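Data block below; observations after.
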Amino acid sequence: MRIHWHRRDLRVADNRGLADAPGRPVGLFVFDEAVLDHAAPPRVAFLLDALSSLRAAYRDRGSELFIRRGDPANVLSALADDLGVDVVSWNRDYSGLAADRDDRVADVLDEVGVTPQRFHDAICHPPGTITTNAGDPYSVYSYFWKKWRDREKDDPYPVPALADATDETTLPTLADLGFDEPTAELPKAGTAPARGRLAAFLEDDIYRYEEARDYPATECTSRLSADLKFGTIGIRAVDKQVREAIAAAETDSERESAAEFRSQLAWREFYTHVLAFNPEVVTENYKRYEHDIDWEDDPELLAAWKRGETGYPIVDAGMRQLQAEAYMHNRVRMIVASFLTKDLLIDWRHGYAHFRDRLVDHDTANDNGGWQWAASTGTDAQPYFRIFNPMTQGERYDPDAEYIREYVPELSGVEADVIHSWHELSPTQRANAAPEYPQPVVDHSQRREQALDMFEQARGDD
DNA sequence: AGCCTTTTTAC
DNA sequence: TAAAAAGGC
């Protein structure tokens, strides 16, 4: 018999390990340090939900998903012994954080005479397979994208036959695992809801994605981030259907729009490769400046940002959406990240840590990539002098202030043009228009100058 | 995926 | 003369 070990992400959808290797597998999920390390209530809740649907799928097919706690190497060797297992397969982690643990598990299995088989399905092309012609990993996205786009992809894998097995263990609760109930309202996890989200997106939204994706009130994004992170949908299945959608496009604009979405899939892989080759970026700047960046240490401004009470409406709307849904629209993620680093002059690590605590779709590689991009410290990051104006961004991407008013109730009765000129109003005008909504905590144009000074000093320009 | 200043273009 | 494009941080 064979065990398929579902790792800290479940990876149920395109499962090379399940489909390709010989033998009828049972499933195993282990709550271990690597699962609970850096976890947060929304993701643990999402994972438990997905786990419950995954186990139902195993049981429907006469098999079982075993749930265990402890050290994976010990759990795996004990279970392999009990069930007479000769092969254990699992999906690789390329984050650079768990690779050592994977190697250790493989060694232990070898020692007890069980064959470890490692596969991958979190990304289409593993790190090291998309490189410059000189063989180096890419540090510029656009060239990476051209190769990724044109490289042949494996098909999604069929679901294999499963073995007969029984297990009476029940799913742990959040409390068992030491987590509070998430306060945010979460999307439904599992293969079926994930496929539903993909199908809904492909029906129509993908064809206007390019023009609409930056407007948070329009909600024209796929909402697949948590599914891709946990593997309740597979990247190969998504990419295959996206390619079919590109082929089915009726106009150039539709084709380009669907291709733009496909490029977002490649961003995920780009950052996964960056992290695999540079695991230190989790805590260090990717881009080295001459001197340390002299970030400001201001706990009160950081707290105001976290609460969504900065007096910059689009920023506050984003931070409130994060609180309410453990999710934030991608355009708004860029805006709040730029605001934290370039207006509040606070180190991106604080923002990254907060997103890690709150987001249902937090993924080390992608979130770190996003934060370092916004902070101008990352691979292919935005240049330090390109500083978002949070008011202009709000006006451009939420012109009717629909998104802002949805998430910031203090502004729900305020006209869009008042909201978009909040920074220009006098304190009295602000108090009259929305007495409960905060005054701006900083002056953007002044802070912009400070940010430029901070980076020029780090560059050694002075 | 910025913003301000300077230069070029199109009447 | 104003709008568009280009240049630099």
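We name chains A, B, ... by the order of the sequence lines, and we start the count at 1 in each one. Being a predicted model, the structure only gives us computed values, none of them experimental.
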May I ask you to check if A:R7 and A:F29 form a cation-pi contact, with NZ or CZ under 6.0 angstrom from the six-membered ring centre and within 45° of the axis? no

Between A:H125 and A:K147: side-chain donor-acceptor atoms closer than 3.5 Å: no

Between A:R151 and A:E269, does at least one N-O distance fall below 4.0 Å, as a salt bridge requires? no

Ionic contact status for A:R356 with A:D367, cut-off 4.0 Å: no

For C:dC9 and B:dA1, measure between their C1' atoms and round to the nearest Å. 16 Å

Could you tell me if the ring centre of A:Y397 sits under 6.0 Å from that of A:Y403? no

Does NZ or CZ of A:R333 lie under 6.0 Å from the centre of the six-membered ring of A:Y327, at an angle within 45° of the ring axis? yes

Taking heavy atoms of chain A and a 4.0 Å limit, find me the 5'-most and 3'-most nucleotide of DNA chain B within that range. B:dA1 to B:dC3

If only side-chain N and O atoms count, and only distance matters, is there a donor-acceptor pair under 3.5 Å linking A:W373 with A:Q382? no

Please say whether the positively charged group of A:K229, taken as NZ for Lys or CZ for Arg, lies over the ring of A:F46, i.e. under 6.0 angstrom from the six-membered ring centre and within 45 degrees of the axis. no

Hey, what are the protein-to-nucleotides 5-9 of chain C N/O distances that come in under 3.5 Å?
unit_1, atom_1, unit_2, atom_2, d
C:dC9, O3', A:E456, OE2, 2.9

Side-chain touch A:L344/A:E296, heavy atoms, less than 4.5 angstrom: no

Does A:E449 reach a base, just sugar-phosphate, or nothing at all? Heavy atoms under 4.0 Å. nothing

Please tell me if the side chains of A:F261 and A:F201 come closer than 4.5 Å, counting only heavy atoms from C-beta onward. yes

Listed in order of residue number, which residues of residues 207-219 of chain A have a non-hydrogen atom at under 4.0 Å from DNA chain C? none

